[in-house]
Amino acid sequence: MEKIPLETGSGNGAAAGTGAPDMLRPYALGPRTRACLERISHERKWHDGDVLLHAGDVPRWVIGLQEGRLRVSRVRPNGVEDLRKGARPGGTLGLVSVVAQRPFPFSVTATGPCTTRLYDAQQLLALMHSDGEVALDLARILALRAAELEEATMDDRDESLLERVQAALLRLHALGAGRPVLGGFALRVSQYDLACMVGSSRQYVNLQLRHLQELGMVRLGYRSIVLLQPPVDNPQSTQGFPLK
């Protein structure tokens, strides 16, 4: 599946130094849609430090970066700056916020001289309302972006769940919920009970346990999970739990 960054700001044109915004590329939109978008857009140049968009504003335009680089950031309530991946040539910012009419969560600032193509938000929405082909093309971009976010969220969720499962297993061992066996410690816990402990489903927890089993960390049995210890001849091995 083609990666079409719409809110993250990275773009395939970065290597070349210049590039048409993603939403104008042939694989993203049809030629008729691209022509319609050209008619509601204009080019604008920016100087270093110019603010294109303030965090919390509903964008007045979709920003397509043609040349230069944009800084994407926000300041959290605790005063810490949250710096996101900057936009490079070919990147597009603000499309999701414009279509949803929701505030854009980041400030966008020019880092050095920049050239952008700006697509007027109100004209874009009117075009989508009146032209089904344009609306479907842009819906495809939004759907691809949603799919990318879902994949990223699932990757983060899997990593977090794996950590929670390991922590729960070690907590059960610390509580003595089981008995020592050859090579490790057998926990008296079902996968359903473990899933309840980590706030997930048994199916997802089973996937994490199977992954741990492949890594040599656990051995799965009927209503039991054996925490394996590192080999005696190699206590520094990454296999197994360093049980005390």
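The structure presented is a predicted model; accordingly, all values stated were derived computationally and were not measured. Any value given below was found using the heavy atoms of this structure, including those in side chains, with hydrogens, waters and symmetry copies removed.
The distance from atom CG of L162 to atom CD of Q166, rounded to the nearest 0.5 Å, is 4.5 Å. To the nearest 0.5 Å, atoms CZ (R102) and CG (D57) are separated by 14.5 Å. Distance OG/S107 to CG/L53: 7.0 Å, rounded to 0.5 Å. The distance from the NE2 atom of H173 to the CG atom of L227 is 6.5 Å, given to the nearest 0.5 Å. Remark: L93 CG to L52 CG distance equals 9.0 Å, nearest 0.5 Å. Atoms CG and CG, from D120 and L37 in turn, are 11.5 Å apart once rounded to the nearest 0.5 Å.
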### Task
Would you check, one step at a time, whether the test side-chain contact (heavy atoms from CB on, under 4.5 Å) holds for M197 with R164?
CA-CA 9 Å; M197 291 178 62; R164 299 204 308 273; over 6 Å; no
### Query
When you look at S41 and R117, which way does the side chain to side chain donor-acceptor pair (under 3.5 Å) test go after all the steps?
CA-CA 6 Å; S41 68; R117 180 158 290 277; 2.9 Å; yes
Return a table of donor-acceptor pairs under 3.5 angstrom between the side chains of residues 125-135 and protein atoms on other chains or two or more places apart.
residue, atom, partner, partner atom, Å
S130, OG, A126, O, 3.1
S130, OG, L127, O, 3.3
D131, OD1, R32, NH1, 3.1
D131, OD1, E133, N, 3.0
D131, OD1, V134, N, 3.2
D131, OD2, R32, NH1, 3.1
D131, OD2, R32, NH2, 2.4
E133, OE1, R32, NH1, 3.1

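Closest non-hydrogen pair, C114 versus R69, comes out as SG-O, 3.0 Å. The shortest heavy-atom contact between A121 and P59 is CB-O, 3.6 Å. Scanning both residues, V198 and A168, for their nearest heavy atoms gives CG1-CB, 3.9 Å. Across all non-hydrogen atoms, the minimal contact from Q191 to V205 is O-CG1, 4.3 Å. Here the closest non-hydrogen pair linking Q66 and P89 is O-CB, 3.6 Å. For the pair V62 and L95, the tightest heavy-atom approach, listed with the atom from each and the gap, is CG2-CA, 3.8 Å.
Both L220 and Y204 sit in one connected hydrophobic cluster of ILVMFWY residues. Membership requires side-chain heavy atoms under 4.5 Å apart, directly or through other members. No continuous path of ILVMFWY side-chain contacts below 4.5 Å connects V51 to F106, so the two sit in separate hydrophobic clusters. In terms of hydrophobic clustering, with Ile, Leu, Val, Met, Phe, Trp and Tyr side chains grouped at heavy-atom distances under 4.5 Å, I225 and L215 are assigned to a common cluster.
The shortest side-chain heavy-atom distance between M217 and L169 does not fall under the 4.5 Å cut-off. With a 4.5 Å cut-off on side-chain heavy atoms, L187 and L194 do not count as touching. Using a 4.5 Å heavy-atom cutoff, the side chains of Y119 and T92 are not in contact. Put simply, the side chain of L138 reaches to within 4.5 Å of the side chain of L124, judged on heavy atoms.
Looking at residues two or more places apart in sequence or on another chain, you find a side-chain hydrogen bond (donor to acceptor under 3.5 Å, both in side chains) between S190 and D193. For R44, the side-chain contact (heavy atoms from CB on, under 4.5 Å) partners two or more places apart in sequence, or in a different chain, are H42, W46, W61, T116, L118.
For the residue pair N206/R202, the side-chain donor-acceptor check at 3.5 Å is not satisfied.
Remark: the backbone N or O of G30 is paired with a side-chain donor or acceptor of D137 at under 3.5 angstrom. Looking only at distances, no side-chain donor or acceptor of T115 sits under 3.5 Å from a matching main-chain atom of K45.
Residue L182 qualifies as open at atom CG: its count of foreign heavy atoms under 6.0 Å is 12 or below.
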